[in-house]
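Okay, so here's the structure we're looking at.
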Amino acid sequence: MEFHENKAKQPFIGFVQIWQAIKRWHLRAQTRRILQQMSDERLRDVGLRRDQVE
């Protein structure tokens with residue numbers, strides 16, 4: 001058995017998963033900030049209440 005047969009097929013998959021989790025967290029935080037800045041009337045238009053945002 002040679003070395004190349006034991007190599008991981010996706011050696012950086014852990015880093016990719018961490019990066020994707022960070023991107024999801026950032027997107028949720030950004031969405032939360034935008035929703036918190038909206039007026040109660042605009043929140044009602046998209047089907048949310050103030051207590052659901054905070």
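Note that this is a predicted model, so its numbers are computed, not measured.
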**Request:** Mind listing the closest non-hydrogen atom pair of Arg32 and Val53 along with its distance?
**Result:** CG-O, 4.2 Å
**Message:** Run the side chain to side chain donor-acceptor pair (under 3.5 Å) test against Arg50 and tell me which residues pass, sequence neighbours left out.
**Reply:** Asp40
**Message:** Let me confirm one number: the CD1-CD1 distance from Ile13 to Ile18, rounded to the nearest 0.5 Å.
**Reply:** 11.0 Å
**Item:** Pairs satisfying side-chain hydrogen bond (donor to acceptor under 3.5 Å, both in side chains), at least one member in residues 18-28, at least two apart
**Value:** none
**Prompt:** Are there more than 12 heavy atoms of other residues, nucleotides or ligands under 6.0 Å from atom CD of Glu41?
**Reply:** no
**Complete:** So CE of Met38 and CZ of Arg44: to nearest 0.5 Å the spacing works out to 13.0 Å
**Nearest atoms (heavy-atom pairs only) where Leu43 meets Leu35** = CD2-O, 3.8 Å
**Which residues share a side chain to side chain donor-acceptor pair (under 3.5 Å) with Arg49, sequence neighbours left out** = Asp51
